[in-house]
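Structure record follows, encoded as C-alpha cells.
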Amino acid sequence: MSTPTIVWLRRDLRLADQAAFHAAARQGPVIPVYVLDDEVAQHRRMGGAARWWLHHSLRSLDADLRALGSRLVLRRGRSHEELAAIRRETGARTVHALHHYEPWWRNAERAVAQHFDLRLHHGNYLAPPGSITSGGGGPYKIFTPFWRALQQRLPPPMPLPAPQHLAPPAFWPASDPLGRWRLLPSAPDWAGGLRDHWQPGEAGAQSRLARFVVQAPSYEQRRNLPSVGGTAMLSPHLHFGEISPAQIWHAVAGLGGSVETFLGELGWRDYAQNVILQLPDYGSRNGKTQFDALPWRSGDAAEADLAAWQSGRTGYPIVDAGMRELWHTGWMHNRVRMIVASFLIKHLLIDWRRGEQWFWDTLVDADYAQNSVNWQWSAGSGIDANMFVRIMAPLSQSEMFGAGDYIRRWVPELASLPDSQIHDPVRRPDGYPRPIIGHAEGRARALAAFAAVKGK
DNA sequence: TACATATTACC
DNA sequence: GTAATATGT
C-alpha cells in the first residue's frame with residue numbers, strides 16, 4: 001500500500017471544488033484532518049455561534065467522507081504538532097491544504113512546512129489574494145478600482161468535481177470524538193434559533209444557493225429590504241468553505257437582471273481579504289492612525305449603552321430588531337448590520353472594536369477579514385478613502401427600506417403598531433424602552449468627536 | 001522613463 | 001481628503 005497523503009482542512013469544509021482533495025485523491029490513500037487550533041496565542045478564538053456551526057459542519061463533512069469510503073480525523077492542539085504526530089503514526093509526508101490569510105496561519109503554515117511537503121492550493125476566493133495589484137504595483141486600498149481589476153481576471157476557473165472515491169490509509173490515526181470538543185452550548189441551550197434557520201454543511205450550502213439562483217436577477221430591488229430578505233444568506237457557508245465563490249459565480253453569472261450587483265458582493269469578500277493581507281492587524285488597529293485619538297466613550301454609562309445595544313433594547317426599533325435577529329439566528333440582514341454599526345459608533349460613540357467583538361462572538365458567519373473591514377468602513381477609520389462622517393439616521397433608514405414587518409417579527413412588543421408608528425412609536429408599549437439617546441443629540445456629539453480627528 | 005499635475009471617483 | 005489613473009513635461 002502506498003504512503004498516504006494528508007488533506008489539512010480549515011475553512012474549506014467541502015468536497016466539490018476543493019483543490020486539496022482533488023490533488024490528494026490522485027496520489028493514493030488520503031487522510032482528511034481537521035485540527036481545532038484556535039487556543040494558541042495570536043489565533044483568535046472562534047466565537048460561540050461559529051463553534052456551533054463548526055460542530056455541525058464537521059459532522060456533515062464526516063458523513064460525506066464516509067460515503068466515499070473515507071472519514072474525518074479530528075485533533076485538537078497546535079496544527080503542526082498534531083500533523084507531525086499523524087506523520088509518525090502513518091508515515092504521511094505530504095500535506096495538501098487551501099490557502100488561508102488570517103494572520104495567525106502564517107506561523108502555523110511555516111511550522112507545518114518544516115515537517116512536510118506542504119502544498120497550498122487556491123480556491124476560496126475569486127482570485128488569489130495578493131495577486132491583484134494597482135498600476136503602481138502595490139495593493140489596492142479602495143474597493144472600486146480593486147473590483148475593476150479583479151473583473152479582468154474573471155471568470156474564475158470552472159469548479160473541480162468532488163472526488164468519487166477516497167482511498168483510505170492502511171490504518172486510521174486516532175481521532176477525537178467530536179462531542180468532547182464541546183463546541184455546542186451547554187445549559188442554557190441558546191442554539192434553538194440557529195437550528196431553525198440553518199443547515200451547516202455542503203448540502204445545506206448547495207440548497208441555499210439553489211434557492212437564491214431563481215431570485216438573483218431581482219437582487220438589486222430586494223437586497224436592501226430586511227422584511228423581504230432578498231440576500232443570498234450564503235455568508236456562513238462561504239466562511240466555512242462549504243461552498244466556493246467560483247461555484248457561486250458559475251451558478252449565477254449570466255442570469256441577467258442585477259446579478260452583477262450580487263457579484264460585486266462576492267468581490268467585496270475578495271477585497272476584504274486583500275486588505276488584511278496588507279494590514280494583518282486590521283481587526284484591532286485603525287487603518288487611519290489619527291482615529292487613535294478619537295474620544296470614544298467609556299465608563300459605566302457607555303457600558304450600559306453597549307449592553308442595551310447588544311440585547312436589542314436601545315429604543316430604536318430597527319436597531320433592536322437587528323440585534324435580536326443576530327442573537328436569535330446568528331445572522332443579521334446586511335442593511336441592518338450597517339444601521340446597527342453606525343448607531344453604536346456614532347450615536348453611542350462606542351469604539352468600533354467593541355461592536356466587532358460582539359459580532360465576532362454572535363455571528364455564524366464571523367470572518368476576520370469581513371468583520372474587520374466592514375466595521376472599519378462603518379467607523380470611517382479604514383484605509384479606504386472616506387470624505388464625510390457618515391451618520392445613518394436609523395428612523396429614516398427604517399422607513400426608506402420598509403422595515404415594518406421585520407420589526408414586527410423581531411420586536412414582538414411592537415407587533416400591533418401600524419406602519420405609521422412602528423419605526424418611531426410615540427407611545428411606547430409596556431416593556432419597550434424609550435430611545436437611549438436622541439438622534440439629533442447623538443448626531444451632534446458624533447460630529448464633534450469625529451471633527452476632532454478629521455483633517456489630520 | 002521618471003516625476004509632477006489634473007482628473008475622477010469614493011460599494 | 002485621498003487613492004488611482006490619465007495626462008503632461
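Just so we're on the same page: letters track the sequence lines, and every chain starts at 1. Side chains included, hydrogens not; waters and symmetry mates left out as well; all remaining heavy atoms used.
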### Query
Looking at residues 264-284 of chain A, who's got a heavy atom less than 4.0 Å off DNA chain B?
A:Glu265, A:Trp268
### Query
Rounded to the Å, how far apart are A:Phe146 CZ and C:dA3 P?
17 Å
### side-chain hydrogen bond (donor to acceptor under 3.5 Å, both in side chains) partners for A:Ser378, two or more places apart
none
### Query
Salt bridge or not for A:Arg337 and A:Glu356, using N-O below 4.0 Å?
no
### Of residues 339-353 of chain A, the positions that come close to DNA chain C - non-hydrogen atoms, cut-off under 4.0 Å
none
### Task
Please list all pairs passing the salt bridge (Lys or Arg N to Asp or Glu O under 4.0 Å) test where one or both residues lie in residues 212-235 of chain A, with sequence neighbours left out.
A:Arg223-A:Glu265
### Message
Tell me the interatomic distance from A:Lys141, atom NZ, to B:dC11, atom C1', rounded to whole angstroms.
### Response
18 Å
#### Entry: Spacing of A:Phe388 atom CZ relative to C:dG1 atom P, expressed in whole Å
11 Å
#### Entry: Separation of B:dT8 P from A:Phe143 CZ (nearest whole Å)
22 Å
#### Entry: Salt bridge A:Arg59-A:Asp62, side-chain N to carboxylate O under 4.0 Å
no
### Message
Run the side-chain hydrogen bond (donor to acceptor under 3.5 Å, both in side chains) test against A:Arg119 and tell me which residues pass, sequence neighbours left out.
### Response
A:Asp117
Each nucleotide N or O in nucleotides 5-7 of chain C that has a protein N or O under 3.5 Å away: list the pair and distance.
unit_1 : atom_1 : unit_2   : atom_2 : d
C:dT5  : OP1    : A:Tyr140 : OH     : 2.9
C:dT5  : OP2    : A:Gly135 : N      : 2.7

## Note on the structure
Residues at least two apart in sequence or cross-chain that pass side-chain contact (heavy atoms from CB on, under 4.5 Å) with A:Gln206, listed by chain then number, are A:Leu209, A:Ile243, A:Gln247
### Task
Whole angstrom is fine here: how far is it from CZ in A:Arg148 over to P in B:dT8?
13 Å
### Task
Could you name each residue pair satisfying salt bridge (Lys or Arg N to Asp or Glu O under 4.0 Å) that touches residues 269-296 of chain A, not counting sequence neighbours?
none
### Atom pair distance, as rounded to whole Å: CD in A:Gln376 and P in B:dC11
14 Å
#### Entry: Length of the line joining A:Phe291:CZ and C:dG1:C1', which is rounded to integer Å
11 Å
### Message
Once salt bridge (Lys or Arg N to Asp or Glu O under 4.0 Å) is applied, what residue pairs with a partner in residues 193-207 of chain A remain, sequence neighbours excluded?
### Response
A:Asp189-A:Arg195
Listing, residues 437-445 of chain A side-chain donor-acceptor contacts under 3.5 Å, not counting sequence neighbours, or none:
unit_1   : atom_1 : unit_2   : atom_2 : d
A:His439 : ND1    : A:His347 : NE2    : 2.8
A:Arg445 : NH2    : A:His347 : O      : 2.8

Could you go through residues 145-162 of chain A and list every donor-acceptor pair under 3.5 Å that involves a side-chain atom there, pairing it with any protein atom two or more places apart or in another chain?
unit_1   : atom_1 : unit_2   : atom_2 : d
A:Arg153 : NH1    : A:Ser131 : OG     : 3.4
A:Arg153 : NH2    : A:Ser131 : O      : 2.6

### Inter- and intrachain pairs under salt bridge (Lys or Arg N to Asp or Glu O under 4.0 Å), touching residues 246-262 of chain A, at least two apart
none
### Query
Roughly how many Å is it from CD1 in A:Ile132 to P in C:dA4, rounded to a whole number?
13 Å
